[in-house]
Amino acid sequence: MAKLTREQFQVLRIKSEEALRSQKKQVLICAGTGCIAGGSLQIYDYIKAECERRGLDVYVGLQEEGQKEDVREPKGDGLYLKRSGCHGFCEMGPLLHIEPQGIMYIHVKPEDCDEIIEQTIIGGQVIPRLLYELDGKTYAQHSEIPFYKKQHRMVLHNCGTTDAEDVNEYIARGGYAALEKALFHMTPEQLCQEISDSGLRGRGGGGFPAGRKWDSVRKQPQGKKYVVCNGDEGDPGAFMDRSIMEGNPHSIIEGMLIAGVAAGSDEGYIYVRAEYPLAVSRLKTAIAKAEALGLLGENILGSGFSFQLHVNRGAGAFVCGEGSALTASIEGNRGMPRVKPPRTVEQGLWARPTVLNNVETFSNVPLIIQNGSGWYKAIGTEKSPGTKAFALTGNVVNTGLIEVPMGATLREIIFDIGGGIKDGKQFKAVQIGGPSGGCLTQEHLDMPLDFDSLKQVGAMIGSGGLVVMDEDTCMVEVARFFMNFTQNESCGKCVPCREGTRRMLEILTRIVNNEGSLEDLDLLEELSSTISETALCGLGQSACKPVQSTLKYFRDEYLAHVVDKHCPHCNGRKKELQIDPVLCKGCGKCMKQCPMEAISGQIRMPHVIDTSKCIKCGACWGCCPFGAIREE
């Protein structure tokens with residue numbers, strides 16, 4: 001494919017728009033990681049083969065390697081079968097979306113395909129049993145489903161609605177128009193100013209103003225500069241960046257190209273964790289197609305600007321989400337943070353000035369350049385403009401990937417979009433920001449979620465993970481879980497993080513096992529303060545937030561473990577209580593305290609709990625002087 005001049009690119013855009021408008025019938029099958037695991041590719045293959053067998057004109061969006069690529073010319077009434085990126089409604093996958101009716105079918109199975117072809121694709125009829133249902137009402141239009149209706153999808157707009165690997169469709173929907181504008185109508189100074197005026201802040205966790213970062217690199221002395229995209233995303237339960245890389249990869253490429261123009265860089269790297277093979281594959285495909293059109297490489301669109309882009313796979317170390325550790329990893333060194341200053345904008349990749357933003361940040365850039373900073377600033381809050389993508393997981397009815405304006409409340413996200421707590425239980429808390437974030441409680445349900453509001457309550461947005469917890473969750477175990485993750489992922493370079501988190505994990509494990517003391521709570525607070533103030537990097541400094549927030553808002557649960565020696569959330573309701581015959585001295589205290597007379601035994605002989613009578617109140621656990629009461 002010949003590389004395009006600017007004039008040829010404009011002609012291609014017009015043709016692509018005409019071709020897209022001509023696609024009267026579209027069937028988009030979710031090919032995000034979650035739906036693929038549920039069998040969506042088998043559904044795609046079956047529908048394709050069956051439609052061809054029936055003699056229908058089928059035009060597929062993704063060709064296997066080595067096959068001739070479709071020419072997307074207007075074909076009239078043909079069926080366009082596409083594999084899209086993640087729709088976001090992961091709880092309901094595999095998902096199948098039919099246009100122009102706007103129908104979404106949920107939990108689709110291969111055995112449903114014949115009926116879908118016969119009734120909907122050919123007959124135009126809706127199949128009620130495959131529609132989403134809520135409170136007795138079925139939703140044929142996916143845009144009317146509360147999960148989608150309450151969102152504001154900008155970065156995720158193309159995810160689930162377009163062919164993830166079709167560069168022509170991306171162009172038809174306005175793709176690379178912002179790059180053309182940046183190349184021919186704006187100076188590097190104007191680009192930096194436009195991003196600064198928009199108020200775009202880094203979506204990777206820190207919330208640093210993107211425009212200020214770009215301008216700092218632009219002002220560095222002439223020479224080699226780099227643009228790096230952080231697609232590492234190591235937080236448990238987070239998959240926002242993965243879905244964007246899988247479903248809208250060209251938006252990342254375009255954002256990085258614009259950053260290259262602004263900062264004066266001619267080379268970039270996308271750092272992706274190796275556990276995201278589909279994201280890596282789609283990024284490489286998107287890069288190859290952009291290069292074939294001349295949108296990447298030498299003399300892009302005849303502008304004189306050149307930019308090379310590489311994909312670098314990381315080994316999955318959580319610490320490589322930190323900027324200096326990430327650049328060290330790209331260089332082939334062990335991913336470990338370094339002392340700052342100098343900052344990445346001064347000495348980043350190979351000690352050269354580097355623009356480093358995450359996937360979601362770069363995906364916002366084309367929208368801002370094309371629509372203007374004023375348009376972007378009107379969304380969200382004054383100090384945190386725009387939208388934020390969140391991965392909504394845990395004890396919530398509708399899990400999945402969502403995007404809402406900055407400033408949306410937890411109540412709107414959990415109850416309006418997420419559908420509330422599973423099984424009609426009560427909301428207890430939500431962990432926001434992964435291991436680097438903190439727990440928010442009922443008192444925070446109506447607090448706006450933005451960078452500054454969360455900082456005031458000791459939490460942070462982080463990359464955007466939201467883990468919802470119900471009334472049965474033990475918050476001490478939650479703190480222990482995240483501390484265990486952080487300790488395992490510590491790079492070990494600095495003593496506060498390497499040794500401090502180890503000691504904290506040991507204490508939390510003792511407490512969860514009902515072997516802790518009141519002094520342990522004081523020690524947890526002291527260690528948290530020390531580590532937060534002295535750890536080398538931001539990940540270490542924020543590692544204690546889950547412990548600090550749970551101690552603040554759920555101290556009674558810590559006291560239940562260390563004083564009563566029993567927690568109804570993690571011990572009483574989930575496991576049976578047994579008496580260890582080796583430790584039991586037969587003192588009889590537990591038998592006297594049991595309100596259900598469920599314990600029997602002779603003095604100075606091991607006692608036994610009748611589990612059919614035991615109500616797991618924990619009275620025996622709290623009074624046993626020998627620690628003989630155990631979970632089984």
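Only heavy atoms go into these numbers, but all of them, side chains included; no hydrogens, no water, no symmetry mates.
Shortest non-hydrogen contact noted between I432 and L454 is CD1-CD1, 3.8 Å. For L191 against M186, the heavy-atom pair with the smallest separation is CD2-SD, 3.7 Å. Closest of all the heavy-atom pairs between T187 and Q190 is N-OE1, 2.9 Å. M460 and G437 get closest at one heavy-atom pair: CG-CA, 4.0 Å. Closest approach of L28 to G160, counting heavy atoms only: CD2-O, 4.0 Å.
No more than 12 heavy-atom neighbours from other residues, nucleotides or ligands sit within 6.0 angstrom of CZ on R334. Heavy-atom contacts from other residues, nucleotides or ligands closer than 6.0 Å to CD of E382 number 12 or fewer. Within 6.0 Å of atom CZ in R313, 12 or fewer heavy atoms from other residues, nucleotides or ligands are found, so the atom counts as exposed in its surroundings. Environment of NZ in K493: crowded, with over 12 heavy atoms of neighbouring residues, nucleotides or ligands closer than 6.0 Å.
A cation-pi geometry, defined here as NZ or CZ lying under 6.0 Å from the six-membered ring centre and within 45° of its normal, holds between R212 and F208. The cationic atom of K388 (NZ for Lys, CZ for Arg) lies less than 6.0 Å from the six-membered ring centre of F390 and within 45° of the ring axis. A cation-pi contact links R83 to Y44, judged by a cut-off of 6.0 Å to the six-membered ring centre and 45° from its axis.
Using a 4.0 Å cut-off between charged nitrogen and carboxylate oxygen, R6 and E180 count as a salt-bridge pair. In summary, K455 and D452 do not engage in a salt bridge, as defined by a charged side-chain N under 4.0 Å from a carboxylate O. Between R273 and E233 no salt bridge is recorded (no basic side-chain N to carboxylate O distance below 4.0 Å). Using a cut-off of 4.0 Å between Lys/Arg side-chain N and Asp/Glu carboxylate O, E144 and K149 are scored as salt-bridged. Ion pair E267/K224 flagged as a salt bridge, since at least one NZ, NE, NH1 or NH2 atom sits closer than 4.0 Å to an Asp/Glu carboxylate oxygen. A salt bridge links E169 with K82: the closest approach of a Lys/Arg side-chain nitrogen to an acidic carboxylate oxygen falls below 4.0 angstrom. E99 and K25 are not joined by a salt bridge, as no carboxylate oxygen comes within less than 4.0 angstrom of a charged side-chain nitrogen.
Using a 4.5 Å cut-off on side-chain heavy atoms (C-beta onward), R203 and L200 make contact.
Taking the six-membered ring for Trp and thresholds of 30 and 60 degrees, H250 and Y176 have ring planes more than 60 degrees apart, a perpendicular arrangement. F89 and Y148 have perpendicular rings, their planes meeting at more than 60° on a 0 to 90° scale where under 30° would count as parallel.
Using a 3.5 Å distance cut-off with no hydrogens or angles, the side chains of T162 and Y170 do not pair a donor with an acceptor. A donor atom on one side chain and an acceptor atom on the other are not found under 3.5 Å apart for S16 and E18. E360 and N364 form no side-chain donor-acceptor contact under 3.5 Å, judged by distance and modelled atom types alone. Between the side chains of K545 and S436, no donor N or O sits under 3.5 Å from an acceptor N or O. No hydrogens or angles considered: nothing links the side chains of Q23 and Y59 as a donor-acceptor pair under 3.5 Å. Side-chain contact, S198 with S373: no donor N or O sits under 3.5 Å from an acceptor N or O.
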Please assess M104 against H87 for the test side chain to side chain contact (heavy atoms under 4.5 Å, CB included), listing each intermediate value before the final yes or no.
-> CA-CA 10 Å; M104 175 175 282; H87 288 253; 3.4 Å; yes
Step by step, work out the side chain to side chain contact (heavy atoms under 4.5 Å, CB included) result for V359 and M245.
-> CA-CA 8 Å; V359 166; M245 289 186 284; 3.9 Å; yes
side-chain hydrogen bond (donor to acceptor under 3.5 Å, both in side chains) evaluation trace for Q141 with Q101 = CA-CA 7 Å; Q141 301 290 318; Q101 298 99 318; over 6 Å; no
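With sequence neighbours excluded, the residues satisfying side chain to side chain contact (heavy atoms under 4.5 Å, CB included) with K284 are V280, V311.
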